[in-house]
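Here the structure is a predicted model, which means the values were calculated and not measured.
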Amino acid sequence: MNFRRGASREEPEINLIPMIDVLLVIIIFLMLTTTYSRFSGLEINLPTADVEQKEERSSEISVEITALGQILVNRSPLPDSEVSTIAGALSHAATEIKDPVIVINADAKAIHQRVIDVMQAAQNAGYPRLTFATQSRPPASASAPAAPSPHSR
C-alpha cells in the first residue's frame, strides 16, 4: 500500500568512500608486509669456441686418467696417484714450456677424485690453465668414434 501519493522514492546508493578507504588500507598493509628479497646468482661467462680455429698444441701437457684410476702425464704412467707425485710430473713435463695448458683426458668411468687430484696438483705446481677434453657424439648413421676436442673450463 502506498499511502504517499505523488511522493517519489529515493534510489538507494552505495557509498564508495568507505570502500576506497578500506582498499587503500589493505594495499598499504600488503606493501609494508611484503619482503623484497634480492636473489643473487652466480654469473658465469662461458667461453666460445670456433671449430675452424687452429689451436696451439706445443704448449699443452696431456694428462690421461683411465677408468681404473691410473694417471698418465704425456703418455708416461705415474707410479701412484698422490697429488705431490702428479705435481712433480707436471713440473717435469713443463720444464721447457712457457705458460703450459693442462689438458685433462678423463675416461667417462674414471673416479671423480682422480680428476680433482689432477686439478689440485696443477694448482700446486702453479699451472692455472686447465682444459678438459671431450669427444662429440657421433651421428646416428656413423659408426666411427669422433676425435677428442679440448674444451676450456
Side-chain angles (χ1 to χ4, degrees), residues 1-57 59-73 78 80-91 94 98-142 145-153:
M1 293 196 212
N2 191 358
F3 294 114
R4 296 184 190 176
R5 290 187 187 169
S8 64
R9 292 180 68 180
E10 279 188 38
E11 291 292 322
E13 298 181 12
I14 296 176
N15 194 355
L16 294 177
I17 294 176
M19 187 172 69
I20 291 172
D21 289 342
V22 169
L23 287 176
L24 283 175
V25 168
I26 291 172
I27 290 174
I28 291 172
F29 175 76
L30 288 175
M31 287 175 57
L32 293 176
T33 59
T34 302
T35 58
Y36 295 101
S37 60
R38 188 176 192 187
F39 295 103
S40 61
L42 180 63
E43 259 185 62
I44 298 175
N45 295 325
L46 296 176
T48 58
D50 293 331
V51 176
E52 300 153 5
Q53 185 179 17
K54 277 246 184 203
E55 296 182 22
E56 278 187 41
R57 298 258 176 196
S59 66
E60 291 182 356
I61 298 173
S62 176
V63 178
E64 288 94 18
I65 303 171
T66 65
L68 299 175
Q70 186 178 13
I71 299 174
L72 294 90
V73 175
L78 298 181
D80 59 28
S81 59
E82 295 293 322
V83 175
S84 58
T85 306
I86 301 168
L90 291 175
S91 296
K98 181 184 177 192
D99 196 25
V101 176
I102 311 295
V103 179
I104 300 174
N105 297 297
D107 190 274
K109 295 180 181 177
I111 301 168
H112 187 68
Q113 183 61 47
R114 296 289 183 255
V115 176
I116 300 299
D117 289 343
V118 170
M119 292 170 62
Q120 185 177 1
Q123 181 184 17
N124 292 349
Y127 306 121
R129 296 177 59 196
L130 294 174
T131 299
F132 292 94
T134 60
Q135 65 182 12
S136 59
R137 295 175 192 249
S141 62
S149 65
H151 293 284
S152 294
R153 182 180 125 203

Qualifying residues under side chain to side chain donor-acceptor pair (under 3.5 Å), relative to S84, sequence neighbours excluded | none
Give the minimum heavy-atom separation between P100 and I61, together with the two atoms involved.
-> CB-CD1, 3.8 Å
For the residue pair L90 and V63, establish whether any side-chain heavy-atom pair is separated by less than 4.5 Å.
-> yes
Can you give each donor-acceptor pair under 3.5 Å made by side-chain atoms of residues 108-116, sequence neighbours left out, with the distance rounded to 0.1 Å?
from : atom 1 : to   : atom 2 : distance (Å)
Q113 : NE2    : D117 : OD1    : 2.9
R114 : NE     : G69  : O      : 3.3

Would you give the length of the straight line joining atom CD1 of I65 to atom CD1 of I104, rounded to the nearest 0.5 angstrom?
-> 6.0 Å
Heavy-atom pair with the smallest gap, counting every atom of S91 and A125 = OG-CB, 3.7 Å
Could you tabulate the donor-acceptor pairs under 3.5 Å formed by side-chain atoms of residues 16-26, not counting sequence neighbours?
none

If you look only at pairs with a residue in residues 63-73, which of them pass as a side-chain hydrogen bond (donor to acceptor under 3.5 Å, both in side chains), with sequence neighbours excluded?
-> S62-E64
Under the side chain to side chain donor-acceptor pair (under 3.5 Å) rule, collect the residues that match up with D80, sequence neighbours excluded.
-> T85
For the atom pair CD (Q123) and CD1 (I102), what is the distance rounded to the nearest 0.5 Å?
-> 12.5 Å
